[in-house]
4 protein chains.
Amino acid sequence: MTPADQPVFRQSPAKRARRADAERNRAAIIEAAGAVFAEQGGTVDVREIARRSGVGMGTLYRHFPAKEDLLATVLEQEVASWLTAAHQAAAATEEPWQALTVFFEQALDILARNRALVESYAAAGPPACAPRRDAVMDELRIRCVNAGLLRGGVTTADLVLLLTSLSQVVQAADDGHPGQWHRLLRISLDGLSSRHTEPLPEPTLHADAPGND
Amino acid sequence: MTPADQPVFRQSPAKRARRADAERNRAAIIEAAGAVFAEQGGTVDVREIARRSGVGMGTLYRHFPAKEDLLATVLEQEVASWLTAAHQAAAATEEPWQALTVFFEQALDILARNRALVESYAAAGPPACAPRRDAVMDELRIRCVNAGLLRGGVTTADLVLLLTSLSQVVQAADDGHPGQWHRLLRISLDGLSSRHTEPLPEPTLHADAPGND
Amino acid sequence: MTPADQPVFRQSPAKRARRADAERNRAAIIEAAGAVFAEQGGTVDVREIARRSGVGMGTLYRHFPAKEDLLATVLEQEVASWLTAAHQAAAATEEPWQALTVFFEQALDILARNRALVESYAAAGPPACAPRRDAVMDELRIRCVNAGLLRGGVTTADLVLLLTSLSQVVQAADDGHPGQWHRLLRISLDGLSSRHTEPLPEPTLHADAPGND
Amino acid sequence: MTPADQPVFRQSPAKRARRADAERNRAAIIEAAGAVFAEQGGTVDVREIARRSGVGMGTLYRHFPAKEDLLATVLEQEVASWLTAAHQAAAATEEPWQALTVFFEQALDILARNRALVESYAAAGPPACAPRRDAVMDELRIRCVNAGLLRGGVTTADLVLLLTSLSQVVQAADDGHPGQWHRLLRISLDGLSSRHTEPLPEPTLHADAPGND
DNA sequence: CATGAATGAGGGTTCATTCAT
DNA sequence: AATGAATGAACCCTCATTCAT
C-alpha cells in the first residue's frame, strides 16, 4: 500500500494497466479472427470476428485499420509460430531426411485446419514470412544434400512449391478421405530422393514438351 | 395472319425458332462465362458474364437459376472436353509412362490458364465429372501397372490427389517463375515410379475411389 | 389487335417501355434527391433519398454510381433550369438595371430554399454550370455598361462573387428575418451603380490596406 | 510529503494543482481546437483535436461534454478577442467611415483564415457573441450616421448581414483570386454611403437587432 | 481527474437474384 | 422467351461519445 514498493516504475502501472487490457483485447481479436479465418476463410464478415472476440467494431478497427491488416497479422503470427515450432522440431531430429519429412507433416497438419492460411498460399503467402520460411527450408535442404540424400539440382524454391502444392490439397482431400495427403507427401518426397539422378527441367526455360533425358 | 404456311405443325416454327435462339443464347452464355471464369475466377460479377454473352440478366437466369449452376455447367463442359482430348492423347501414346506424363502436362497446361477450374479443384472438383476423370486416370494407371512401371499400392485416388495438388500451383508459381511446376511434376511422377518399393501409408479407412488390387 | 397498326416501330415499344419506366425512376430519384438535398444539404443519408424516391438502393446506384454523381446531377439540373428562366426573364426586361436586379432577386429566391445549392456555391459551384452562368451574367453586365448604368471597372467576376456572397446569407437570415437580404441586395447593387466613380482595388494585387483613392 | 509548506489550506495544494492542471489542459484544448477548426472546419474528427492538444479524449469530454460545446467555446473566444481588437481599432480611428472600413477589413481578414468561423456565420454565428458584436457595429454605425456619411435607414442588422455575406466569400474566392473580396467590400460599403438616398426595402416585421432611429 | 481504449449506430457501396415489360 | 431495371441484404469502415483503469 505504501508507494515504497514501486520505487522504480512510477508511471508504469497506469500505462501498463491500459495496455494490458488493450493487449488482451488485441489478443482476443487475433484469436477469434484466427479461428474464424481458419474455419471460413478470408472472406468472412468482420462483424463475425467482432462478435466472437467480444469486442465492438470500433475496437477491432482501432487495432487493425483494415480487414486486410487483421488478416495479414493473423496469418503472419500463425506462420511465425509454426516456423518456430518447425525450427525446433528440425533441430531435434538427427536424421536429415526424417527432419524434412517431419517438417512437411507438421506444416500440412496445420494447413489442413486453416482455410485462410491455405488461401494465402495460393497468393504466395504473407510476404513478410517468406524469407524466414525459406531459411528454415533451406537449412533442411542443405542437411539432406550434405547427407547425400537429396536429388541433385533440387532448390529451395522447389521445396516451397511442393509445400504450396500440397497445402491446397489437405482440405479438399480431408472431406471423406482424411489423411490421404500423407500418401501424396510420401510419393513427392520419394521423388526428391537421391535415388533419382535424372536432371530436372530447367526452371527458366519453360519447355512445354516433357522430355529432357 | 393465316397459319397456312405451316400446315402440319401449327406452333412448331415459333417454338423451333425459340429453341434455336435459346440454344444459341445458352451457348453464348456458356462461352462467355467460360472465358470470364477462367480469367477472373468464380467470384466475378454476373453482370460481366451477361455483358460478354450479349444477353440480359433475365436470359442468363432463365438458363441457369443460380450463378453456381452456370459455374458448374461451364466447368463440367470444360472438364468433359479436356477428358475427351486426354483420352485421345492417351490412346495415341504407346508408352504407358509417357502417356501418364503427357496426361498431367496437358491437364496442368489447361489448368494454368483457368482460374475457376483450379478453384473447383480446391473444392473437390465438379462432382459430375469425377467418375469419367477417374476412369481415364484409372486406365492410365493400369497401363503403367501392367508395364511394371508404377510403384506398388498407388491408387487412382492418389493420382487424382496429385493432380489436384499440382493444379493449385500452376498459377501461383507462374508469377515470376513460369513453368516451374514442370519440375515439381517431374519430381512427383518420379516418386510414383516402381523404383520405389516401400509401401505407402494406409488410406485410413473408406476409400471411395476405384480400387488398386 | 392486328399488328398492322405498328408497321414502323417494331422493337421500339418494348425498348421504349423499359426506358420510360427507368426514366421515370431516374426522374423520381432526381426529384426526391433535389428535395432532400435542398432541405438537409449534401450530407443526407443516401437511404433517405432512396426511401423518398420509392426505389431501392440498387436502383439509385444504377443511375448514379456514387452519391456525389447524384448530387452533381441534381445541382447541375437545378442550375440549368434556373439559368434558362433567368435568361428568359432578362430578355423580357427592357430596362438593363432592372434586368440585373431581377436576376439577383430570382437567383437568391431559389437559393433561399436550397441548402445544397448554397453549399455548392461555397465550393465554387458545380463546375459544369459556371460558364453558362457567367455568360448570362456577362450579358446583363454589358447591357448595364452600355446604358452607362454600371460603375467603371466592374467585372463579371465581381458580379459572380456578389452572388456567391449573397447566396450564403439568404438562409441564415431567413431564420427570423425572412427577406432581410432584399435590403442587402439593394445596398450592394447601389454600390455597383455608375454613381460611384472611384476605381476599385486591383484584383491581382491583394493589398491588405484599404486605401486606393 | 508533509503539507508543511501550505499550513493554512489542508487540501488545497492537491486541489490547486489539479485546478491549475485542468486549466492548462482546457487552454491547450481550446488552442488546438481553434487551430484545427480554423484549418479544417467544424467537421474534423475530435481525435485530431485531442491529439494536437496533447490530452486524452476523456479530458476533452470532461471539459466539453459535446463537440459542439467545444466549437461554441472556441468560436466565442475568438469572436471576443476579435471584438476587443476591433473596438480598439475603432477607437483609434478618427474618421468614422474609415473606422467602419477598417472594421470590415479586419474582420474579413480574420475570417479568411478561419473556416469554422465562417461556417458559424452561415448558422447565424455563435449566439452568445452577437450582442457585443452588435454593440461594436452599432457604435460604428452611429458615428457614420452622426457624420452624415451613412445612407438613411441602414440598420445594424444590415451591417451584420453584410458581414455575414462577405464572410462566406473570403475563402471561396481565395482559390485563384486572392483578395478579390476587397473589391466586393468596397462596392458594398459604397452602397451604404449617404450618396444613396433611396429608401431600402422594409424589413418585413419583427427586427430583433438594435434599432436605427 | 486524466487517459485512451471501447462502443455501435450509421454511412457509402456492391451484387446475386427477381420481375415488370 | 428476352430484356435489363429494380431489389435490398450485406459488406467494409468512421467517428461522436462513454467508461474502465
Side-chain angles (χ1 to χ4, degrees), chain A residues 11 13-26 43-48 50 54-68, chain B residues 14-15 17-19 21-22 25 43-48 50-51 54-68 70, chain C residues 11 13-26 43-48 50 53-68 70, chain D residues 14-15 17-19 21-22 25 43-48 50-51 54-68 70:
Chain A
Q11 294 173 327
K15 267 197 178 171
R16 205 174 284 162
R18 219 353 129 192
R19 281 271 166 77
D21 225 46
E23 213 50 52
R24 199 157 45 232
N25 264 333
R26 190 188 158 91
T43 64
V44 272
D45 192 334
V46 187
R47 283 164 176 80
E48 172 71 12
V55 306
M57 292 291 302
T59 304
L60 201 155
Y61 273 87
R62 156 178 279 274
H63 287 285
F64 305 94
K67 186 191 183 182
E68 204 168 335
Chain B
K15 265 197 180 172
R18 285 277 159 78
R19 283 270 164 78
D21 241 39
N25 271 337
T43 64
V44 273
D45 195 326
V46 186
R47 286 166 207 346
E48 173 74 10
R51 210 174 304 131
V55 306
M57 294 291 294
T59 306
L60 201 156
Y61 270 85
R62 166 170 294 279
H63 286 286
F64 305 94
K67 188 189 186 182
E68 202 167 337
L70 173 56
Chain C
Q11 294 173 327
K15 267 195 177 173
R16 205 174 284 160
R18 217 355 127 194
R19 282 271 166 76
D21 226 45
E23 213 50 53
R24 197 156 47 231
N25 264 332
R26 190 187 157 91
T43 64
V44 271
D45 191 335
V46 187
R47 284 161 176 82
E48 171 73 11
S53 328
V55 305
M57 293 294 301
T59 303
L60 201 156
Y61 272 87
R62 156 178 280 275
H63 288 285
F64 304 95
K67 185 190 184 183
E68 203 168 335
L70 175 56
Chain D
K15 265 197 180 171
R18 285 276 158 79
R19 283 271 163 75
D21 242 39
N25 271 339
T43 64
V44 273
D45 196 325
V46 185
R47 284 159 184 43
E48 173 74 11
R51 209 175 304 131
V55 305
M57 294 290 295
T59 306
L60 200 157
Y61 271 85
R62 164 170 296 279
H63 286 286
F64 305 94
K67 187 189 185 182
E68 203 166 337
L70 173 56

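Per chain, numbering begins at 1; letters A, B, ... match sequence-line order.
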I want to confirm an ordering. Mapping C/Gly58 and D/His63 to their closest nucleotides on DNA chain E, which one lands closer to the 5' end?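 Residue closer to the 5' terminus by nearest nucleotide: D/His63.
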I need the [atom1]-[atom2] distance between [X] and [N], as an integer number of Å.
X	N	atom1	atom2	result
B/Leu60	E/dC15	CG	P	16 Å
A/Lys67	F/dA10	NZ	C1'	11 Å
A/Glu48	F/dC12	CD	P	11 Å
A/Phe64	F/dT14	CZ	P	15 Å
C/Glu23	F/dA6	CD	C1'	15 Å
A/Asp45	F/dC12	CG	C1'	8 Å
A/Met57	F/dC13	CE	C1'	7 Å
C/Arg47	F/dA10	CZ	P	13 Å

Quick check on DNA chain F: between C/Gly56 and A/Pro65, whose nearest nucleotide comes earlier from the 5' end?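 By nearest-heavy-atom nucleotide position, the 5'-most residue is C/Gly56.
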Out of [options], which nucleotide sits closest to the side chain of [X]?
X	options	answer
B/Val55	F/dT3, F/dC13, E/dA6	F/dT3
D/Asn25	E/dT3, F/dC13, E/dA16	E/dT3
D/Thr59	F/dC13, E/dA2, F/dC15	E/dA2

Which one of D/Asn25, D/Val55, D/Leu70 satisfies the side-chain contact (heavy atoms from CB on, under 4.5 Å) criterion with D/His63?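 Among D/Asn25, D/Val55, D/Leu70, the one that satisfies the side-chain contact (heavy atoms from CB on, under 4.5 Å) with D/His63 is D/Asn25.
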Between C/Tyr61 and E/dT14, is there a side-chain N or O to OP1/OP2 distance below 4.0 Å?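 For E/dT14, neither OP1 nor OP2 has a side-chain N or O of C/Tyr61 closer than 4.0 Å.
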State whether B/Arg62 places a side-chain N or O below 4.0 Å from either non-bridging phosphate oxygen (OP1 or OP2) of F/dA1.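 For B/Arg62, the contact criterion (side-chain N or O under 4.0 Å from OP1 or OP2 of F/dA1) is met.
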Classify the nucleic acid contact of C/Ala66 as base, sugar-phosphate or nothing, counting any heavy atom under 4.0 Å across all strands shown.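 Sugar-phosphate contact only.
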Could you list the residues that satisfy side-chain hydrogen bond (donor to acceptor under 3.5 Å, both in side chains) with B/Arg51, not counting sequence neighbours?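 Partners of B/Arg51 by the side-chain hydrogen bond (donor to acceptor under 3.5 Å, both in side chains) criterion, ordered by chain and then number, come out as B/Glu48.
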Output all residues satisfying salt bridge (charged side-chain N to carboxylate O under 4.0 Å, His left out) with B/Arg62, sequence neighbours left out; order by chain, then residue number.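 Expected list: none.
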Under 3.5 Å for both distances, Watson-Crick or G-U wobble, that's the pair rule; now give the dot-bracket for DNA chain E, with | marking pairs to another strand and [ ] for crossing ones. .||||||||||||||||||||
Partners meeting side chain to side chain contact (heavy atoms under 4.5 Å, CB included) with C/Tyr61 (sequence neighbours left out):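 By the side chain to side chain contact (heavy atoms under 4.5 Å, CB included) rule, C/Tyr61 matches C/Val46, C/Met57, C/Lys67.
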